[in-house]
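Before any comments, here is the structure.
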Amino acid sequence: MSFSGKILDWYHKNKRTLPWRKSTDPYKIWLSEIILQQTRVAQGTPYYLRFVETFPTVDDLANAEEEQVLKLWQGLGYYSRARNLHAAAKMVVDEYNGKFPDNYKKLLTLKGVGDYTASAISSICFNEPHAVVDGNVYRVLSRYYGIDIPINSTEGIKYFKALAQKVMDPDHIRDYNQGIMEFGAIQCSPKKPLCLHCPLNDSCVALEKGLVHQLPVKLKKTKVSNRYFNYLIPIYKDTNGKKYTRLQQRKGKGIWQNLWEFPLIESKSSLENKDIVLKSNVIFGDLDINDIHIYNDTDIVHKLSHQHLYTKFWIVDVNTDFDHKISVEKLSEFPVPVLIADFIKAFKF
DNA sequence: AACGCGGGGAC
DNA sequence: GTCCCAGCGTT
């Protein structure tokens, strides 16, 4: 049996029942594909369910505020996906008259949709013969065919796309594409592949040569940088005992774009109490600061894939009312990074 | 061609 | 600790 035949056979016996597999509605498939970019099925599934529940149609999503989309996305990471998701929904409504693009080329014009996602949607929804190449496919193909070209090199990306396109089954593309990804996730997994009872173990080059654990080859990742965050949490209690604090929205290019956080002092290294007091007086202008004390004695280290954030939270008690204040009960309405959400949850306002 | 972008789970 | 996940956009 051919490679694709065995993949299809394996898929029919082993496929999981996943919520998006009940439909070929391009809106729902697109939603699932964006959510699952660089994200495990287990992590993305509850988000998918909340999104289809909250936004049943692309029109509903397009008409939402970006704030609401980001709030629903909170905790999933790579927030440009959420911003692009919203922008793409608007494109579908405005430029495609509300009808989801129905072929690979048009799908590629949507923000946040690249070769993988356009291939996935066009094959699953419209039976177009475009082979998907995701992390699973790189692993399966590199092992089965014994290819050691780095998967994240320009040559590798081109090579594996062509190979995937060559070995696919164009007549069963919907199941083939999902099948090879599922096979990579469950059978041909990164660490402990189940080679012993694999339907391809009589013809897998990596298995024959003992290279299973050396493939796929991947170029080195960039190094992690350290940053030092000091969050100032102003707290003002009015005459009724109601408490207020302040959030501000992150703008610019870096992490957590358009998400909200407390006023931030970033420094090259760990700051001392007196430095914080000094800078707090600048940040909060002429406010009457009653007391400043640290919340966490040792730094909270928030680890992103490319940055380690050494974080201190400082409680700033103020005696006077201030602008841009929000009541602490409203904190949960803002989309915030996990680092901030964890603090809000742990701190007793 | 290289880099920036999150968070979490498996080991 | 390391690796990687149904990748994409920017520089």
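Keep in mind it's a predicted model, so treat the numbers as computed, not measured. The sequence lines fix the lettering, A, B, ..., with proteins before strands; numbering per chain opens at 1.
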Mapping A/R81 and A/K218 onto DNA chain C by nearest heavy atom, which one lands closer to the 5' end? A/K218

Once you apply a heavy-atom cut-off of 4.0 Å, does A/N177 come out as touching a base, just sugar-phosphate, or nothing? nothing

For B/dC5, does OP1 or OP2 lie under 4.0 Å from any side-chain N or O of A/Q257? no

Pick base, sugar-phosphate or nothing for A/G184, based on heavy-atom distances below 4.0 Å to the nucleic acid. nothing

Would you indicate what A/R83 reaches in the nucleic acid, counting non-hydrogen atoms under 4.0 angstrom: base, sugar-phosphate, or nothing? nothing

Answer yes or no: is there a side-chain heavy-atom contact under 4.5 Å between A/P335 and A/E67? yes

Answer yes or no for A/R81 and A/Y78: cation-pi contact, defined as NZ/CZ to six-membered ring centre under 6.0 Å and angle to ring axis within 45°. no

In whole Å, what is the span from the OH atom of A/Y78 to the C1' atom of C/dG9? 12 Å

Looking at A/H306, I'd like to know whether one of its side-chain N or O atoms comes within less than 4.0 Å of OP1 or OP2 on B/dC5. yes

On a whole-Å scale, what distance lies between the P atoms belonging to B/dC5 and C/dA6? 23 Å

Using a cut-off of 4.0 Å on non-hydrogen atoms, how would the nucleic acid contact of A/S32 be classed: base, sugar-phosphate, or nothing? nothing

Looking at every strand, decide which applies to A/E182 at a 4.0 Å heavy-atom threshold: base, sugar-phosphate, or nothing. base

Under 4.0 Å between a side-chain N/O of A/R40 and OP1 or OP2 of B/dA10, yes or no? no

Smallest separation among heavy atoms of A/P216 and A/Y138, with atom names: CB-O, 4.2 Å

Interatomic spacing from CH2 in A/W30 to CZ in A/F100 - rounded to 0.5 Å: 5.0 Å

Is it true that the NZ or CZ of A/K243 lies under 6.0 Å from the centre of A/F349's six-membered ring and within 45 degrees of the ring axis? no

Can you tell me which nucleotide in C/dA6, C/dC3, B/dG7 comes closest to the side chain of A/L18? C/dA6

Minimum-distance nucleotide (side-chain atoms of A/Q43 versus B/dC5, B/dG7, C/dT10): B/dG7

Nucleotide of B/dG8, C/dC4, C/dG7 approaching A/P190 most closely (side-chain heavy atoms): C/dC4

Nearest to the side chain of A/K191, heavy atoms from C-beta on, is which of B/dG7, C/dC3, C/dA6? C/dC3

Between B/dG6, C/dG7, C/dT11, which nucleotide has the shortest distance from any of its atoms to the side chain of A/S305? B/dG6

Of the nucleotides C/dG7, C/dG9, B/dG6, which has the atom closest to the A/I255 side chain? B/dG6

Determine the Euclidean distance between corresponding P atoms of B/dG6 and C/dT11; express it in Å to zero decimal places. 15 Å

Hey, which sits more toward the 5' end of DNA chain C by its nearest nucleotide, A/G112 or A/Q178? A/Q178

Assess whether atom CG of A/L219 is packed by more than 12 heavy atoms of other residues, nucleotides or ligands within 6.0 Å. yes

Under 3.5 Å, is there an N or O donor on one side and an acceptor on the other linking the side chain of A/T39 and the base of B/dG6? yes

Sugar-phosphate, base or nothing in reach of A/V137, heavy atoms under 4.0 Å: nothing

Can you tell which of B/dG7, C/dA6, C/dC5 lies closest to the side chain of A/W256? B/dG7

Ignoring hydrogens and angles, does a donor from either the side chain of A/T117 or the base of C/dG7 sit under 3.5 Å from an acceptor on the other? no

